[in-house]
**Q** 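Here it is: the structure, laid out below.
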Amino acid sequence: MHWTIPRDFVLNFSAMVFIGVSLFLTWQGNHWAEMFSLRGLIYVLGGVLFSGLIVGWPLTRLHRAFSMSLIRKDSGQPSESSIKTIRFTGTLLMLLQLLTVYYCAVYVYRSWVIAL
């Protein structure tokens, strides 16, 4: 039996934020050699998995379940207040993911990848 990581586990908003932050930090500090070292490659692989599997996927699943419960409560036709609640909580969720991944990526990048 062959097990693979489903694409939506790691290809989500949090993982894309991680990749963007990492590329920006590398470009800004011109640390390309460090990113292509073993430490940098471990950082990228671990960061994408952490961002996608730990930060992004569970929170997105919770939001999806919450949204579906609101829709079921409204007999399959969401009310205007349910739609606003779903959008608001989705926006808060994306902001939480963005800030969590950003600060974790910057901390690990500075303390481990480019540490002297």
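Predicted model only: the values in this text are computed from it and were never measured.
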**Q** Say you draw a straight line from CZ of R72 to OG of S67; how long is it, rounded to the nearest 0.5 Å?
**A**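 Answer for the CZ-OG pair, R72 versus S67, is 10.5 Å.
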
**Q** Under 4.5 Å between side-chain heavy atoms, counting indirect links through other Ile/Leu/Val/Met/Phe/Trp/Tyr residues: same cluster for F24 and F36 or not?
**A** yes

**Q** Could you tell me the separation between the OG atom of S14 and the CG atom of L93, rounded to the nearest 0.5 Å?
**A** 7.5 Å

**Q** Could I get the full list of side chain to side chain donor-acceptor pair (under 3.5 Å) partners for H63, not counting sequence neighbours?
**A**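 With sequence neighbours excluded, H63 shows a side chain to side chain donor-acceptor pair (under 3.5 Å) to T89, given in chain and number order.
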
**Q** Can you confirm if the aromatic rings of Y43 and F18 lie within a centre distance of less than 6.0 Å?
**A** yes

**Q** Taking atom OH of Y102 and atom CG of L25, what is their separation to the nearest 0.5 Å?
**A** 6.5 Å

**Q** Are L41 and L53 connected in a single hydrophobic cluster, I mean Ile/Leu/Val/Met/Phe/Trp/Tyr linked by side-chain heavy atoms less than 4.5 Å apart?
**A**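 No, no single cluster joins them.
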
**Q** Please determine whether residues L98 and F88 belong to a single hydrophobic cluster, defined as Ile, Leu, Val, Met, Phe, Trp and Tyr linked transitively by side-chain heavy-atom distances below 4.5 Å.
**A** no

**Q** Which value, rounded to the nearest 0.5 Å, describes the distance between Q97 atom CD and N12 atom CG?
**A**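 Going from CD on Q97 over to CG on N12, the span is 6.5 Å.
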
**Q** Quick one: side chain to side chain donor-acceptor pair (under 3.5 Å) partners of S111, sequence neighbours excluded?
**A**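 Testing S111 for side chain to side chain donor-acceptor pair (under 3.5 Å), a comparison that skips the adjacent residues, returns none.
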
**Q** Hydrophobic clusters here meaning ILVMFWY residues chained together by side-chain heavy-atom distances under 4.5 Å, can you tell me if I42 and L23 are in one?
**A**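 Shared cluster, yes.
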
**Q** Are V101 and Y103 connected in a single hydrophobic cluster, I mean Ile/Leu/Val/Met/Phe/Trp/Tyr linked by side-chain heavy atoms less than 4.5 Å apart?
**A**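 Both belong to a single hydrophobic cluster.
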
**Q** Can M35 and Y109 be said to form a side-chain contact (heavy atoms from CB on, under 4.5 Å), step by step?
**A** CA-CA 9 Å; M35 282 301 283; Y109 186 85; 3.6 Å; yes

**Q** Please round to the nearest 0.5 Å and tell me the distance separating atom CG of D74 and atom CD of Q77.
**A**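 Spacing of CG (D74) from CD (Q77) equals 9.0 Å.
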
**Q** Around atom CH2 of W112, are there more than 12 heavy atoms of other residues, nucleotides or ligands at under 6.0 Å?
**A** yes

**Q** So, taking the atom named CG in L59 and the one named CZ in R64, what distance separates them when rounded to the nearest 0.5 Å?
**A** 12.5 Å

**Q** Quick one: hydrophobic cluster around L70, which other residues, with the 4.5 Å side-chain cut-off, linked directly or via members?
**A** F66, I71, I86

**Q** Side chains of S82 and S79: do they bring a donor and an acceptor to under 3.5 Å?
**A**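 A pair is found: one side chain offers a donor N or O, the other an acceptor, under 3.5 Å apart.
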
